[in-house]
Structure formats: structure tokens, C-alpha cells
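Please read these numbers as outputs of a predicted model, since none were measured by experiment. Counting begins at 1 with the first residue of the sequence.
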Amino acid sequence: MEKLKDQHIHLEQGPYTVEWVEEFIKTAVERNIGEITLLEHSIRFKEFLKTFNEAREYNLYQRKWFDEKAKRAHSIDEFKALAEKIRCREYPVKINFGIEVCWFEQYEDEIRELTADGFFDHLIGSVHWIDNWTFNQRKYQWIGKDVDNIYKRYFEMENTLLKSGIFDTIAHPDLITCHSLYPGYDLTDTYREFCKTAKEKNVAVEMNTSRGNKKGLGEAFFKIASEEGVTFSTGSDAHNPMDVGKGIADVTKLIKER
């Protein structure tokens with residue numbers, strides 16, 4: 001049986017210890033996952049906090065959110081030290097280490113510098129903030145917002161992420177649909193432009209299985225991505241060992257049958 005890949009797993013709910021990592025490995029073995037990527041969000045690192053400056057100042061909610069995260073931030077060197085320990089050991093699963101970087105266009109140079117040393121196996125970019133506003137944390141935050149404009153800016157930012165040349169993978173590229181709010185215009189051309197850019201820049205498009213019964217991308221988005229021949233990545237977005245590999249077999253089958 002072919003081994004599966006879960007390239008989006010977060011360690012943030014536990015310590016930087018070999019024992020904590022081995023909890024994730026155990027579940028991976030049980031679920032026939034042959035390769036995993038262990039990540040931290042960029043907000044978890046002191047060195048990246050400056051890239052959230054404008055987001056912090058956007059409103060009181062975001063300031064409180066940021067300040068709580070900043071209190072618990074690690075240095076990148078702490079995470080790298082853990083990776084070095086794991087890389088010195090042998091496991092029945094291939095283990096990669098990476099960062100999921102929140103994309104802020106105004107900090108492209110800083111992000112490039114912070115990730116330029118080649119230490120990490122995977123650099124994953126994601127759009128969680130639209131012009132410094134967090135769109136996915138609470139649905140009520142959309143009240144009074146222009147949904148069409150939000151979607152337009154979201155995909156503009158996704159395309160600048162792809163074109164930056166920094167990232168190997170773009171995480172959950174349809175996260176904008178998280179609250180089931182949709183624009184009044186057809187997204188076909190938007191999806192196609194995104195997919196053409198992803199293929200041109202050789203950035204993998206993630207099939208993220210974290211949202212309930214959703215299998216990766218929405219049906220229309222996945223169809224266009226398949227037509228354009230993008231490279232897919234599969235990730236559970238697990239934040240604890242129990243969720244490693246969830247849904248990965250299903251989306252892997254979808255990709256093979258496209």
C-alpha cells in the first residue's frame with residue numbers, strides 16, 4: 001500500500017521535545033502516513049512578530065490577540081534545535097520541518113530574509129490577513145464589509161504570495177470561504193489565474209482537510225486546478241497528534257482520480 005503524506009501539522013499545543021514529536025509520529029504510523037511536515041505558525045516566533053505590526057494596530061481585538069500570542073513566542077533557534085534532534089534519529093516516517101508564514105505584502109523582504117538560510121524543508125505561505133484584517137477568526141467581523149472587494153483583495157494577495165518565489169506550498173488557498181460567505185460574481189477566472197500562477201511558479205496547492213467534511217478545495221476550484229495541472233500537497237492542519245492524517249486518504253484518492 002502506498003504511503004500517504006501529511007505536509008501540514010502544527011506542534012504548538014505542546015513543548016519542543018522529542019517525546020511530543022513522537023506522539024505525532026505514532027499516529028502517522030497508525031494511519032499509513034509515510035511522510036509528515038511539522039510546522040509552526042510565524043506568529044509563534046519572536047523574529048516574525050514585526051511582520052504583524054500593522055495587523056496588531058488594526059483594531060482592539062487584533063491587538064489583544066497579538067499580545068497574547070507574543071507572550072508565548074519562541075525563538076526560531078529553539079525550533080531549529082528540536083529539528084536537529086529529530087533529524088539525528090531514525091523513524092519509520094520521513095519527517096520534515098517547516099514554517100507556515102502569514103503573508104503580509106509589505107513585509108516581503110523581511111520574510112524572505114528570515115527564511116533564506118535553507119534550514120527548513122518546507123516553507124508554506126498562507127493568507128490569513130487581508131490588508132492587515134483577520135477575516136477568518138470570527139464571522140461577525142464581516143458585518144458591514146464589501147464581500148466582493150474582500151474576495152478580490154484576497155486573491156490578489158494569494159497571487160503576490162505565489163509570485164514572491166519564497167514558498168514551496170500555499171496553504172488552504174480557499175480559506176476565504178470559511179464562513180460560507182461568497183461574492184456576487186463568478187470566481188472561475190479568479191481560480192484559473194491563481195492556478196496558472198501556481199503552476200508557473202512551481203508552488204504546490206494544498207488540499208487541506210481540516211474543515212469538517214470538506215475534502216480539500218471546493219469542487220469548482222479543484223476542477224480548475226486539475227485542468228491547469230497544478231501540483232497538489234495534502235495536509236490535515238492537525239494541531240494535536242489525534243488529528244494527524246485525518247482525511248488524507250480521501251483527498252489523495254481525489255487527486256489520483258482527477
Side-chain angles (χ1 to χ4, degrees), residues 8-16 37-80 82-83 97-117 119-120 122-145 149-176 178-179 203 206 208 210 235 237-239:
H8 191 148
I9 297 169
H10 291 281
L11 292 177
E12 65 183 66
Q13 292 185 6
Y16 286 172
T37 298
L38 303 175
L39 306 168
E40 284 282 57
H41 289 286
S42 53
I43 188 67
R44 297 272 293 164
F45 296 124
K46 296 174 184 177
E47 293 84 351
F48 276 91
L49 294 181
K50 61 186 175 183
T51 66
F52 292 82
N53 283 345
E54 288 86 348
R56 180 185 183 273
E57 297 303 319
Y58 190 89
N59 58 32
L60 180 60
Y61 170 86
Q62 291 182 194
R63 180 177 300 181
K64 289 181 176 179
W65 178 90
F66 172 89
D67 289 348
E68 284 301 311
K69 294 289 186 182
K71 288 177 188 177
R72 300 190 294 274
H74 295 269
S75 71
I76 292 179
D77 285 343
E78 291 178 77
F79 190 49
K80 288 180 176 179
L82 173 64
F97 280 83
I99 306 177
E100 182 183 353
V101 180
C102 279
W103 179 240
F104 295 99
E105 293 171 327
Q106 69 271 33
Y107 287 105
E108 178 175 344
D109 291 341
E110 287 82 357
I111 292 169
R112 190 183 307 280
E113 182 178 350
L114 286 166
T115 57
D117 64 1
F119 178 89
F120 292 104
H122 287 164
L123 293 174
I124 297 178
S126 57
V127 176
H128 285 94
W129 309 79
I130 299 173
D131 295 329
N132 308 305
W133 168 65
T134 177
F135 65 88
N136 68 302
Q137 293 192 25
R138 299 289 186 273
K139 186 173 183 177
Y140 74 81
Q141 293 168 318
W142 286 65
I143 295 173
K145 299 283 188 180
N149 283 338
I150 289 171
Y151 266 77
K152 287 174 183 176
R153 272 300 290 145
Y154 175 80
F155 279 101
E156 286 173 2
M157 291 184 66
E158 294 230 305
N159 279 294
T160 60
L161 184 161
L162 295 172
K163 292 174 182 178
S164 72
I166 297 172
F167 303 103
D168 306 299
T169 301
I170 182 165
H172 41 63
D174 62 347
L175 183 63
I176 192 66
C178 60
H179 298 304
V203 178
E206 185 182 74
N208 188 293
S210 64
D237 216 332
H239 283 63

Flag side-chain contact, heavy atom, 4.5 Å: [X] against [Y]:
X      : Y      : answer
Glu54  : Trp129 : no
Ile130 : Ile176 : yes
Ile166 : Glu108 : yes

Just by distance, do the side chain of [X] and the backbone of [Y] share a donor-acceptor pair under 3.5 Å?
X      : Y      : value
Glu47  : Ile76  : yes
Tyr154 : Pro173 : yes
Asn53  : Lys50  : yes
Trp142 : Phe135 : yes
Arg44  : Leu39  : no
Thr169 : Ile124 : no
Glu206 : Ile170 : no
Asp168 : Leu123 : yes

Could you check whether the rings of [X] and [Y] sit parallel, tilted or perpendicular, using 30° and 60° as the cut-offs?
X      : Y      : value
Phe48  : Phe45  : tilted
Phe167 : Trp103 : perpendicular
Phe52  : Phe104 : perpendicular

Can you name the closest pair of heavy atoms from [X] and [Y] and give their distance?
X      : Y      : result
Gly98  : Thr37  : N-CG2, 4.2 Å
His8   : Ala171 : CE1-CB, 3.9 Å
Gly125 : Leu161 : C-CD1, 3.6 Å

Rounded to the nearest 0.5 Å, what's the gap from [atom1] on [X] to [atom2] on [Y]? Could you check?
X      : Y      : atom1 : atom2 : value
Thr134 : His128 : OG1   : NE2   : 8.0 Å
Arg72  : Asp67  : CZ    : CG    : 11.0 Å
His239 : Leu11  : NE2   : CG    : 10.0 Å
Trp65  : Ile43  : CH2   : CD1   : 4.5 Å
Ser210 : His10  : OG    : NE2   : 8.5 Å
His74  : Lys80  : NE2   : NZ    : 15.5 Å

Inset, instruction - Mind checking side chain to side chain donor-acceptor pair (under 3.5 Å) for Asp131 and listing every partner two or more places apart, or none if nothing turns up? - result: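 Residues passing side chain to side chain donor-acceptor pair (under 3.5 Å) with Asp131: Arg153.
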Inset, instruction - Kindly indicate, with the supporting measurements, whether the criterion salt bridge (charged side-chain N to carboxylate O under 4.0 Å, His left out) is fulfilled by Lys64 and Glu68. - result: CA-CA 6 Å; Lys64 289 181 176 179; Glu68 284 301 311; over 6 Å; no
Legend entry - No-hydrogen, no-angle side-chain donor-acceptor test under 3.5 Å, Gln141 and Tyr61: no
Legend entry - Donor on one side chain, acceptor on other, Glu100 and Ser126, under 3.5 Å: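 Judged by distance alone, the side chains do pair up.
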Inset, instruction - List in chain and number order the residues that pass salt bridge (Lys or Arg N to Asp or Glu O under 4.0 Å) with Asp109, two or more places apart in sequence or in another chain; answer none if no residue qualifies. - result: none
Legend entry - Residue list, salt bridge (Lys or Arg N to Asp or Glu O under 4.0 Å) with Glu57, at least two apart or on another chain: Arg63
Inset, instruction - Examine Phe97 together with Phe79 and report whether their ring centres are nearer than 6.0 Å. - result: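 Judged by ring-centre distance (under 6.0 Å), Phe97 and Phe79 do meet the cut-off.
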Inset, instruction - Mind running side-chain hydrogen bond (donor to acceptor under 3.5 Å, both in side chains) on Gln62 and Asn132 for me, showing each step along the way? - result: CA-CA 9 Å; Gln62 291 182 194; Asn132 308 305; over 6 Å; no
